[in-house]
2 protein chains.
Amino acid sequence: MPAGKEGRAVPSSQPDADKGLFDLKRFLPYLLNRAGIRLATAFSAELSRFDLTLPMWRVMAVLWHHGEQRVTDLVIETTIEQSTLSRLLASMDGRGLVARQRNQRDARTVIVRLTPAGRDLTRQLIPLALRNEGTALQGFSPQEIDALHTMLFRIFDNAAELLD
Amino acid sequence: MPAGKEGRAVPSSQPDADKGLFDLKRFLPYLLNRAGIRLATAFSAELSRFDLTLPMWRVMAVLWHHGEQRVTDLVIETTIEQSTLSRLLASMDGRGLVARQRNQRDARTVIVRLTPAGRDLTRQLIPLALRNEGTALQGFSPQEIDALHTMLFRIFDNAAELLD
DNA sequence: GGCAGATAAATGCATTTGCATTCTATTCGG
DNA sequence: CCGAATAGAATGCAAATGCATTTATCTGCC
């Protein structure tokens with residue numbers, strides 16, 4: 001390779017025509033992913049001061065909101081894979097954040113709920129979570145926020161048909 | 001499930017007052033995350049037929065769009081952690097999808113680019129990616145899509161200040 | 001020039017993840 | 001009712017991940 005070519009910003013091998021097929025800056029999965037990861041990373045850092053991980057917080061937030069749930073319900077609500085969640089719940093149980101209990105009515109299922117300690121911790125975390133969200137939404141009008149919520153719901157619903 | 005926990009009577013759940021503090025259904029990080037994960041999961045399934053993972057596709061998409069990049073630039077563009085990306089690039093290099101080359105101007109850095117084979121594969125994948133996006137955005141007007149893009153950019157920018 | 005400090009990428013290692021499978025319990029068809 | 005099929009959760013295991021550190025290079029200052 002000739003000297004002086006290395007490190008140039010744009011390679012000659014990429015015709016402009018190619019690029020036109022696909023504009024990353026207008027590609028929804030990309031925009032969604034990077035916004036989501038950035039928010040997640042920032043909040044993870046805050047959670048680490050409580051010795052918590054983001055998936056733990058997600059479980060706690062869902063249990064706070066919905067009350068006790070079966071593991072399968074939590075899989076759906078948290079978007080965490082089933083085996084991952086099973087182990088996460090075992091560790092959260094070990095730390096006294098949640099309690100697991102076989103369901104009397106259907107002993108295949110396990111009911112998960114926040115312990116009082118878990119609830120207290122969640123109560124502490126909620127203001128931090130809302131502050132994070134507030135920063136992310138700086139400069140948004142209430143109408144914009146509503147519209148955004150609605151669109152994210154629609155995307156979630158639309159994307160359901162992409163699964164199997 | 002550890003033995004001895006079944007049937008324990010745990011007083012149930014959630015005073016209504018608690019719930020009011022925090023409405024998950026209007027919590028941006030939650031809505032963002034679940035929409036993103038669902039789209040990602042769906043596209044991962046398509047990619048598996050090409051023996052590719054989603055992070056590989058992200059790298060390919062960024063290189064397609066931006067042309068050759070340093071590893072550090074790819075970290076930023078793909079939101080993939082540096083050590084993870086370093087290993088991912090090694091594996092993509094081994095499979096002939098990308099080429100890595102020490103930068104002549106600054107030998108600390110490594111320039112990454114799509115190989116011709118990587119470019120061909122990317123060209124094949126783009127229509128699939130756009131079809132996925134199209135499904136997710138079914139029923140959206142062009143104005144809504146524009147507004148969504150803009151808001152996701154703003155969130156990404158706003159969230160930057162959360163990362164000290 | 002030479003060294004202290006900074007920057008880029010790679011690597012060691014423990015943890016997390018996810019697919020495939022297993023184990024237990026329930027439901028359904030005869 | 002009984003056995004096969006199904007459903008829910010846990011687990012084995014290999015792969016992916018991320019933090020902390022290392023290795024290599026560069027930059028600025030004297």
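Proteins come first, then strands; the chains are lettered A, B, ... in the order of their sequence lines, and each starts at number 1.
Within the 4.5 Å cutoff, side-chain heavy atoms of Arg95(B) are placed close to those of Met56(B). Two residues are said to be in side-chain contact when any heavy atoms from C-beta on lie closer than 4.5 Å; Leu97(A) and Val59(A) fail this criterion. In this structure, Asn158(B) and Ile155(B) have side chains that are not in contact, with every pair of non-hydrogen atoms separated by 4.5 Å or more.
Rounded to whole angstrom, the span from the CZ atom of Arg58(A) across to the C1' atom of dT17(C) amounts to 14 Å. Atom P of nucleotide dT17(C) and atom CD1 of Ile37(B) are separated by 10 Å, given to the nearest angstrom. When rounded to the nearest whole Å, the span between CG of Asp106(A) and P of dT26(C) equals 6 Å. Across the protein-nucleic acid pair, Gln101(B) atom CD and dA8(C) atom P stand 18 Å apart, rounded to whole Å. Distance Arg95(B) CZ to dA15(D) P: 14 Å, rounded to the nearest Å. Atoms CZ (Arg105(A)) and P (dT27(C)) sit 12 Å apart, rounded to a whole Å. As rounded to whole Å, 13 Å separates atom P of dA16(D) from atom CG of Leu54(B). If you take CZ of Arg102(B) and C1' of dT7(C), they are 12 Å apart, rounded to a whole angstrom.
Taking only side-chain nitrogens and oxygens, Arg100(B) comes nearer than 4.0 Å to OP1 or OP2 of dA10(C).
Checked for salt-bridge contact, Asp106(B) and Arg108(B) meet the test: a charged N lies under 4.0 Å from a carboxylate O. A salt bridge links Asp120(B) to Arg123(B): one of the charged nitrogens lies within less than 4.0 Å of a carboxylate oxygen.
When distances are taken from the side chain of Ala107(B) to each of dA10(D), dT25(D), dA25(C), the shortest belongs to dT25(D).
Taking the six-membered ring for Trp, Trp57(B) and Phe43(B) have ring centres closer than 6.0 Å.
In this structure, Asn103(A) and Val110(B) both approach DNA chain C, and ranking their closest nucleotides by distance from the 5' end singles out Val110(B).
A distance of 4.5 Å separates CG of Leu114(A) from OG1 of Thr122(A), quoted to the nearest 0.5 Å.
Scanning residues 74-93 of chain B for heavy-atom distances under 4.0 Å to DNA chain C yields Gln82(B), Ser83(B), Ser86(B), Arg87(B).
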